[in-house]
J.: 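One structure coming up, written as structure tokens, with questions to follow.
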Amino acid sequence: MTYDAASFGAPGTDSDNQRVIIHVKDVNDEPPYFINRPLPMQAVVQLNAPPNTPVFTLQARDPDTDHNIHYFMVRDRTGGRFEVDERSGVVRTKSADPFQLDMEYVLYVKAEDQNGRLDDRKFQSTEEERLSIVGGKRAPQFYIIISVKAKSFADREIRYTLKAQGQGAGTFNIGPTTGIVKLAKELDFEDLRQPHVYSLIVTATEDSGGFSTSVELTIKVTDVNDNAPKFELPDYQAHNIDEDIPLGTSILRVKATDSDSGSNSEIEYQVSDSHFIVDSSGVVSNSKQLDADNNNAYYEFVVTAKDKGEPPKTGTTTVRIYTKNKNDEEPKFSQQVYTPNVDENAGPNTLVTTVVASDKDGDSVNEDDFDTPDSPDDLQACGDGPWVPDNHNLSDSQESSSESDCDNSRDGQFVIEEITGVIRLHGKNITLDRDKYELNVTAVDDGACCEGGKSTTHTSTAVVVVFITDVNDNKPVFKDCGTYNPKVEEGAANGSPVIKVQATDDDKGVNGQVKYSIVQQPNQKGTKFQVNEESGEVTTNKVFDREGDDGKFVSVTVKATDQGDPSLEGVCSFTVEITDVNDNPPLFDRQKYVENVKQDASIGTNILRVSASDEDADNNGVIVYSLSAPYDSQELDYFEIQPESGWIVLKKPLDREKYRLRVRASDKGDPITSADVDVELDVVDRNNKPPHWDHAVYGPMLIKENVTVGTIRETYKLEATAQDKGNPPLVRSVEVQIDVVDRANNPPVWDHVVYGPIYIKENMAVGAKVISIKASSGIKENPVVFYRLMPGSTAQTNKYHTFYLQQRGEDGYTWADIKVNHPLDYETIKEYNLTVRVENNGAQQLASEATVYIVLEDVNDEIPLFTEREQETVLEGEPIGTKVTQVNAIDKDGTSPNNQTFYYVVDSPRNEGKDYFEINMQSGEIYTKVVFDQSQEKVNMRQCVGGGGGEAFKDHALNWTLDAELVFTPQV
């Protein structure tokens, strides 16, 4: 745009012009539209398309510059078979199910401009479009047929119209401005209501009443191969076809038609079964010999008719051909070689196996006499039983003599029942002294299947190899179990070797093969050891902590299981000693010791007691204290420390204001571990140096309210000056603040600085009093004190509040009762060092501390536990005194005799095993008291284990079972 500027003054004034550019800002006011061509939208999906296979891509445009197009599926008529990518518009398969041939799957889709909001819930969008997806193949889709153009000599816009002559009205339309002729509905060459030639008149007319002209447009429709061949019948059948007909015999004829034209309607046939062929006229013949004994005497296959279109289409029908049987098959055993197993101790009439033979012709299978090289006489097998289509003859190729009767017996080890095919051992005495026996069995048909079948009979033979198997009658035994006393160092890595155990089994084969496993202890989560099931190598399954829950000894039970069925087991229980490692350094009960010492303290005075604990055992936990002066070595001339008690003792009069020492607590382990703590001792300084105030400001200082001189105030601030008598004298000043209170205030005073050692039983009840202690307040007129039991940094110093303090008044004093708060356990912690703090009730509360040393005494509070439940086998006829098994129990008490165990059999009417077995009180070995026979099949016995010599006797009962296995001695 250009505008002019002019002056309205005198004539001849100047004017000028200026160009202005106006930018029009786009407003999102246009809806999106699909640009997919052709329309309607159509696509094809492969029948076996996997998930995420692209099928179609939606494409939309929006004239607005800030459009944000998203694609959506509005309605789904496919049952969830497809999905639409919201951003790309790609339509993909969703499920893995195959698609059906020629089935149409319909989706309704749209595109939204999500920057073009209409209201709070709607956006500008396209109309819903229908997307048609067909499984397999579909004919090509026409959408633009032809484009016509006309020229206006008046340079006017031209409008096009189209009119059909004769049939075909509404089949085509024309773009009024583009002249593009499009298909308005689908064409079907085979529809007799639609012509194959369309005659159209296209008229071009100028705008504004101009001229018009017309042209004739002829469109010819050609056939496409869109019809599949169809058979006249859905299935075809032929009956009573002899199975032995010559090759190439015509059996039946099928016929299919195709509605298409030309080569699209020409048909050729194919069959799905290689036994048959079909010619161009649909005649089906056999190409192989038929067999009525297979496929239930009939053949079922598919004949396919395929046209010659491009691409070709097919149709199918089912053909069933029923055959007539002939006696042309021999009996066949279910196996050519049978390999049953028989136990070495099997008795007469024991079942060996069952052989099965059948004839595909449907004949009954009868017995036939036969000879074998080792048995020249005939063997007649007789017997009753349910009928099955297989009768048999048996020959023992390992025997050299035979006899025949109808009792199914012969001079050998085996007989067969001709009707059932059951092979058994003889009813006489049996001696199976070989590793295997080979038998020949023959089956003969009777030809009763069909007419003329008896003129020819057929036979077949199978081999039965009977393997004699070992009986699993020996359990694994740990012969050296009593010598196992392994040790493992605490802190050893997981998987560290412990011991190699070995069990032997006198059985053969798999019955003598042993595998090892760990038996989990009662009430135990997980196993602390693991064992190689093949080699018996026992290794740790955790890192042991002797001072923790593991303790000094850990019991382990290894089980050896043979591979028999059912399997037999043997166990070995032993104790693994966890040897101590000096892995815990001493730990002081304070991080730093600070104490005030009177200047005039006499030599030999106990100044301060330091205390440290060590969780290790034996010498690794024994603590020795030593003293050093890292800041001034001369300070060691004033003090010494008692190596075992930790008391710091004065050995020289004090002449300094402060001493800084360091105490080291060392254990006696190898290597030695230690811990250091600093000790600060503050004393009154002597005037042998220039004055030096302990503090720059003193106060608040507390004085009595009844001071007699001067005016009484709540607070006094003074300046004190110290001057020595040197030449020249030296002077220093300090500010002192004095607060007036109503009473004097001194720190509390304990009756004893150290209480103990105090010996208590580990089973002392929760809430029971351990000791009563007392301290005075230090203020004569105010005896009130407050006690507090200080938690330390270790379990031995009350970190977990094992003890608690209860305050009470008695005879004008306040006492502190130390009581048990949690159950004690000697096997876990043996002694405790407690620190009790007392504070008075002065205006400035002062405090002091005392130490309570508690030592636990072991009691017989652990119940001995059996390591596992036992189930054992005892053989019939074993002499009295035969060892059956050995049971093992463990008592976790910490001292002797509380942890000693002994065993006994429960004397109770319900304990039937007491009359049959006895137990060694010390070792736990169980022996028989009687000779068992086959009438005693099962005996239950209950035995107990007791803890010996303890104050409170503990026992634990265990039910277990002894199974008496029946062993039969062959009669002579």
Side-chain angles (χ1 to χ4, degrees), residues 483-500 528-529 538-556 574-591 593 609-630 633 636 639-648 661-679 757 792-797 799 825-833 851 853-856 858 892-896 899:
T483 64
Y484 294 156
N485 295 295
K487 296 182 180 181
V488 173
E489 193 174 77
E490 70 166 329
N494 191 356
S496 297
V498 179
I499 193 174
K500 181 176 182 180
K528 298 182 179 181
F529 299 91
V538 179
T539 56
T540 59
N541 198 31
K542 62 169 293 185
V543 178
F544 287 92
D545 183 4
R546 193 178 190 274
E547 293 75 40
D549 295 336
D550 298 319
K552 183 177 180 181
F553 296 97
V554 180
S555 61
V556 58
F574 53 91
T575 300
V576 179
E577 180 181 355
I578 309 302
T579 58
D580 186 47
V581 174
N582 194 20
D583 54 350
N584 292 286
L587 184 64
F588 284 96
D589 58 2
R590 302 187 201 175
Q591 294 182 348
Y593 292 86
R609 182 176 183 262
V610 297
S611 178
S613 59
D614 191 317
E615 294 183 348
D616 288 317
D618 301 328
N619 286 337
N620 293 334
V622 175
I623 295 177
V624 176
Y625 299 95
S626 60
L627 193 64
S628 64
S633 61
L636 281 179
F639 303 96
E640 63 182 358
I641 191 169
Q642 295 178 357
E644 295 184 356
S645 68
W647 277 105
I648 298 176
L661 307 175
R662 179 167 295 166
V663 177
R664 170 165 295 181
S666 304
D667 59 30
K668 294 184 178 181
D670 185 15
I672 295 173
T673 61
S674 61
D676 294 338
V677 67
D678 287 337
V679 178
S793 58
T794 65
Q796 289 91 337
T797 56
K799 176 180 180 180
D825 186 9
Y826 176 87
E827 288 72 37
T828 304
I829 299 176
K830 297 178 175 58
E831 58 184 48
Y832 294 87
N833 278 311
T851 300
Y853 180 38
I854 300 173
V855 179
L856 300 188
D858 183 38
K892 293 185 178 180
D893 280 317
T895 60
S896 178
N899 57 8

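In what follows, every heavy atom counts, from backbone to side chain, and hydrogens, waters and symmetry copies are set aside. Remember, predicted model here, so these are calculated numbers, not experimental data.
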J.: Are any of the side-chain heavy atoms of Glu577 and Asn485 separated by less than 4.5 Å?
T.: no

J.: Which pair of non-hydrogen atoms, one from Pro757 and one from Val855, has the smallest distance, and what is that distance?
T.: CB-CG2, 4.0 Å

J.: Counting distance only, does the side-chain N/O of Thr540 pair as donor-acceptor with the main-chain N or O of Gly495 below 3.5 Å?
T.: yes

J.: Going through the checks in order, is the side-chain contact (heavy atoms from CB on, under 4.5 Å) test met by Asp678 and Leu661?
T.: CA-CA 6 Å; Asp678 287 337; Leu661 307 175; over 6 Å; no

J.: Could you tell me if the side chain of Val556 sits less than 4.5 Å from the side chain of Val498, heavy atoms only?
T.: no

J.: Got a second to check how far Glu831's CD is from Gln796's CD, nearest 0.5 Å?
T.: 7.5 Å

J.: Working to the nearest 0.5 Å, report the span between CZ of Phe544 and NZ of Lys552.
T.: 16.0 Å

J.: Nearest 0.5 angstrom please: Leu587 CG to Thr794 OG1, how far?
T.: 5.5 Å

J.: Kindly indicate whether the side chain of Lys668, heavy atoms from C-beta on, has any atom under 4.5 Å from the side chain of Val624.
T.: yes

J.: Check whether any side-chain N or O of Ser674 sits under 3.5 Å from a backbone N or O of Pro586 as a donor-acceptor pair, and report yes or no.
T.: no

J.: Mind running side-chain contact (heavy atoms from CB on, under 4.5 Å) on Phe574 and Ile499 for me, showing each step along the way?
T.: CA-CA 11 Å; Phe574 53 91; Ile499 193 174; 4.0 Å; yes

J.: Can you give me the closest heavy-atom contact between Ser666 and Ile672, atom names plus distance?
T.: CB-CG2, 3.9 Å

J.: Is the closest side-chain heavy-atom distance between Leu627 and Leu636 below 4.5 Å?
T.: yes

J.: What heavy-atom pair brings Tyr593 and Ser611 nearest, and what distance separates the two atoms?
T.: OH-N, 3.2 Å

J.: Taking atom CZ of Arg590 as the centre, does the number of heavy atoms from other residues, nucleotides or ligands within less than 6.0 Å exceed 12?
T.: yes

J.: So, the side chain of Glu490 versus the backbone of Val581: is there a donor-acceptor pair under 3.5 Å, distance only?
T.: yes

J.: What is the minimum heavy-atom distance between Arg546 and Ala617, and which atoms define it?
T.: NH1-CB, 2.7 Å

J.: Side-chain contact, heavy-atom cut-off 4.5 Å: Val663 with Phe588?
T.: yes

J.: Compare all side-chain heavy atoms of Lys528 with those of Asn541 and state whether any distance is below 4.5 angstrom.
T.: no

J.: Distance-only, no hydrogens or angles: does the Ser628 side chain make a donor-acceptor pair with backbone N or O of Arg662 under 3.5 Å?
T.: yes

J.: I'd like to check Asp589 versus Asn833 (side-chain heavy atoms, cut-off strictly below 4.5 Å). Are they in contact?
T.: no

J.: Which pair of heavy atoms, one from Asn582 and one from Asp670, lies closest together, and at what distance?
T.: ND2-N, 4.2 Å

J.: Side chains of Glu827 and Asp858: closer than 4.5 Å at any heavy-atom pair?
T.: yes

J.: Distance check, rounded to the nearest 0.5 Å: Ser496 atom OG versus Phe529 atom CZ?
T.: 10.5 Å

J.: List the atom of Thr579, the atom of Glu489, and the distance in Å for their closest heavy-atom pair.
T.: OG1-CA, 3.1 Å

J.: Can you tell me how far CG of Leu856 sits from OG1 of Thr828, rounded to the nearest 0.5 angstrom?
T.: 10.0 Å

J.: Is a donor from one side chain sitting under 3.5 angstrom from an acceptor on the other, for Asp616 and Asn584?
T.: yes

J.: Just verifying a value: how many Å separate Ile641 CD1 and Ile648 CD1, rounded to the nearest 0.5 Å?
T.: 5.0 Å

